[in-house]
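Each residue takes its place number in the sequence, starting with 1.
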Amino acid sequence: MGENTLRYIAGIFGGAWLPMLLSDLGGGLFDGAHLVQNFETLNPERQLFLKYAELFRDVDTAHETFLATERWWGGFCLMRENEIRWIVEQLFVGNRLAKNKAYGEPERRHFDLKRVRAPIIIFTSHGDNVTPPQQALNWITEVYESEEEIRVRGQHIVYLVHDDVGHLGTFVASRVVNKEYSEVATTLEAIEALLPGLYEMRIKDIQEDVGRKRYSVELIERTFVDIRAFNDGYDDDRSFAAVARASDAQAQIYHAVARPFVQAAVTGVSAEASRTLHPKRLARALLSSQNPVMAGYKAISDQVRKSRAKAAADNPLLAAEALFVQGVEQAIVACRDWRDMGYELTFHMIWSSPWQRLLSNPYEAYLKRTTLDHMRREPEVSIALNAIATGGLTEAIIRIIVLLVTDRGGFRRDRLARWSRVLIQDEPFRSLPSDRLADITRQQSAIVTFEPEQAIQTLPLLLTDPKQRQLAYAVACYVPGPVAEMAPSTVTLLQRLAEVLGLPSKLTDVIEDPLAA
């Protein structure tokens with residue numbers, strides 16, 4: 001109760017008509033200061049008190065960081081009305097992107113997430129009170145029927161879940177940028193070579209003997225059960241659907257009734273004045289050199305900076321100050337929690353009643369969900385299954401790796417790097433066009449998903465040359481790494497593959513890339 005309250009606030013006060021009104025008041029431009037103001041209401045203890053308390057607690061060294069943050073945070077952007085309205089209607093209130101109903105202008109073509117071929121990487125955090133993990137990941141279970149559908153469609157979805165960083169920290173916090181983003185960047189080439197499927201990326205800190213820190217990256221294959229474990233239920237869906245329909249109605253009423261009068265009353269001068277006098281800009285301007293009253297403070301501040309003496313560490317007033325700061329923080333947090341709980345209760349009182357739920361579009365015709373049985377009859381899958389006994393060394397190696405990943409349930413980065421090296425640097429993969437390689441990977445993934453046993457039994461038909469069998473099996477042993485690091489199921493599968501291919505079943509470490517020559 002009282003968590004992730006921004007979506008409930010939008011259900012009470014928001015809707016598409018409000019950005020339309022603010023854009024009209026701004027002469028066709030939406031002021032990003034409104035968005036910053038909304039963000040600041042989420043953590044009033046930080047914005048109203050803590051950031052200033054931390055500044056004055058260590059003012060000699062903290063002022064540069066404080067000013068840099070304020071300049072960045074106060075760099076309000078301006079958007080055209082159609083831009084902010086598209087964001088609100090397609091992503092926030094309507095959530096049309098997850099339903100494949102979002103469209104782009106001017107072609108007005110719908111965005112189909114199932115047609116995305118580039119890797120989809122999702123950053124989320126348990127400390128995000130704007131887009132928590134359940135909201136950031138729910139679209140996966142809404143768009144797809146199962147993780148097998150993701151694999152069969154040849155898509156790569158990788159998500160990372162941070163423990164406590166906030167919403168904006170997901171994008172700009174140094175501990176995220178230096179760790180998660182850096183590791184994703186260094187692993188990106190390997191991710192693009194990753195076999196299709198749903199994965200979670202886990203990054204672990206490893207402290208080396210010399211005191212330096214490095215990171216261990218592991219990609220773990222996940223299922224929809226793991227995604228739904230983040231979820232707090234779908235009970236709110238009909239309430240938010242009612243909010244979306246009410247938002248559309250309010251926007252139409254505003255457009256037809258009030259907009260002509262608002263636009264007629266707004267001039268260029270009044271639009272610029274509304275931006276200049278916005279509380280977020282005005283608060284900064286009044287304490288800046290733009291305000292003539294502040295002109296004398298520069299000389300005073302220079303004098304204070306030179307003559308001030310830092311309090312001793314054992315000064316009892318410092319302990320009293322820390323206790324006061326903690327008490328004020330807790331008081332503001334308590335008020336915030338009561339406020340957030342009130343917002344959530346008010347939202348459910350309005351939008352969760354039986355009468356309001358009738359607004360959740362009861363006449364909408366939902367598309368039939370795609371099942372694996374339906375996918376088996378799709379042309380691409382049928383073609384792949386019909387070609388299960390055809391192919392060569394390329395198809396055989398990719399099929400074997402798909403079998404290993406499916407059995408293992410993921411990739412460590414060292415194994416992913418070896419597989420990436422095989423695909424990018426070695427023949428016959430290096431000469432293949434990227435789209436052709438993606439087609440083969442998608443085809444072999446479909447074969448392993450629908451006919452795993454037959455995929456193993458037909459391997460000898462793809463590898464008629466004994467030398468090619470040995471080469472493909474050597475690659476299969478090279479990618480997982482040393483035998484001592486293999487899981488028992490991986491060892492069993494490799495022994496089974498050796499038996500099917502008519503090779504010795506005793507495993508040996510393959511350290512060098514068999515295809516490097």
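- Scanning all heavy atoms of the two residues, the minimum distance from Thr124 to Ala136 falls at OG1-CB, 3.7 Å.
- Taking CD of Gln443 as the reference point, atom CD of Glu380 lies at 10.0 Å (rounded to 0.5 Å).
- Rounding to the nearest 0.5 Å places CD1 of Ile84 at 5.0 Å from CG of Leu35.
- Ion pairing between a basic and an acidic side chain is recognised when a charged N comes within 4.0 Å of a carboxylate O; Arg430 and Glu427 show such pairing.
- Heavy-atom minimum distance, Pro196 versus Ile150: CB-O, 4.4 Å.
- Taking both residues in full, the closest heavy atoms of Ile511 and Tyr478 are given as O-CE1, 3.4 Å, listed atom of the first, atom of the second, then distance.
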Test log, rule side-chain contact (heavy atoms from CB on, under 4.5 Å), inputs Met341 and Asp337: CA-CA 6 Å; Met341 184 174 63; Asp337 291 343; over 6 Å; no

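- The closest donor-acceptor contact from the side chain of Ser431 to the backbone of Pro428 lies at 3.5 Å or more, if one exists at all.
- Once rounded to the nearest 0.5 Å, the distance linking NZ of Lys467 with CG of Leu393 reads 13.5 Å.
- In this structure the side chain of Ile398 reaches within 4.5 angstrom of the side chain of Leu437, judged on heavy atoms.
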- prompt: Can you list the steps and then say if Leu404 with Ile401 is a side-chain contact (heavy atoms from CB on, under 4.5 Å)?
  reply: CA-CA 5 Å; Leu404 288 172; Ile401 298 301; 4.1 Å; yes

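- Interatomic distance, CD of Gln47 versus NZ of Lys51, reported as 4.5 Å (0.5 Å rounding).
- Using a 4.5 Å heavy-atom threshold, the side chains of Ile388 and Gln454 count as touching.
- Under 3.5 Å, the side chains of Thr41 and Asn38 contain no donor-acceptor pair of N or O atoms.
- Remark: Glu453 CD is packed, more than 12 non-hydrogen atoms of other residues, nucleotides or ligands lying under 6.0 Å away.
- The existence of a salt bridge linking Asp439 and Arg436 is excluded, since no basic side-chain nitrogen approaches an acidic carboxylate oxygen closer than 4.0 Å.
- Nearest heavy-atom pair across Met486 and Pro480 is CE-CB, 3.9 Å.
- Looking at heavy atoms from C-beta onward, Leu497 lies in side-chain contact with Ile456 at the 4.5 angstrom threshold.
- A side chain to side chain contact (heavy atoms under 4.5 Å, CB included) with Asp426 is found for one member of Ile397, Val475, Leu515 and no other, namely Leu515.
- Across all their heavy atoms, Val143 and Lys114 have their closest contact at O-CE, 2.9 Å.
- When the shell of 6.0 Å around CD of Gln468 is examined, it contains more than 12 heavy atoms from other residues, nucleotides or ligands.
- Counting only heavy atoms from C-beta outward, the side chains of Leu463 and Tyr473 never approach each other to under 4.5 Å.
- Val381 places a side-chain heavy atom less than 4.5 Å from the side chain of Val152.
- With contacts defined as side-chain heavy-atom distances shorter than 4.5 Å, the pair Glu221/Glu147 does not qualify.
- What you find for Leu113 and Tyr144 is that their closest heavy atoms are O-OH, 3.4 Å.
- The CZ atom of Phe224 lies 8.5 Å from the CD atom of Glu148; values are rounded to the nearest 0.5 Å.
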- request: For the pair Leu432 and Ile440, evaluate side-chain contact (heavy atoms from CB on, under 4.5 Å) and give the outcome as yes or no after the intermediate values.
  value: CA-CA 10 Å; Leu432 284 175; Ile440 295 175; 4.1 Å; yes

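- A donor-acceptor distance shorter than 3.5 angstrom exists from the side chain of Gln155 to the backbone of Val116, with no hydrogens or angles considered.
- In this structure the side chain of Ile87 reaches within 4.5 angstrom of the side chain of Met79, judged on heavy atoms.
- A distance-only check finds a donor-acceptor pair linking the side chain of Ser445 to the backbone of Thr441 [under 3.5 Å].
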- request: Using the side-chain contact (heavy atoms from CB on, under 4.5 Å) rule, take Glu451 and Thr458 through it: C-alpha gap first, then chi angles, then the decisive distance, then the call.
  value: CA-CA 11 Å; Glu451 297 291 347; Thr458 54; over 6 Å; no

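- In this structure, the separation between CD1 on Ile157 and CH2 on Trp139 is 4.0 Å, given to the nearest 0.5 Å.
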message: Apply salt bridge (Lys or Arg N to Asp or Glu O under 4.0 Å) to residues Arg399 and Glu395 and explain how you reach the verdict.
response: CA-CA 6 Å; Arg399 183 184 300 183; Glu395 288 79 5; over 6 Å; no

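- Contact check for Phe30 versus Glu83: no side-chain heavy atoms found under the 4.5 Å cut-off.
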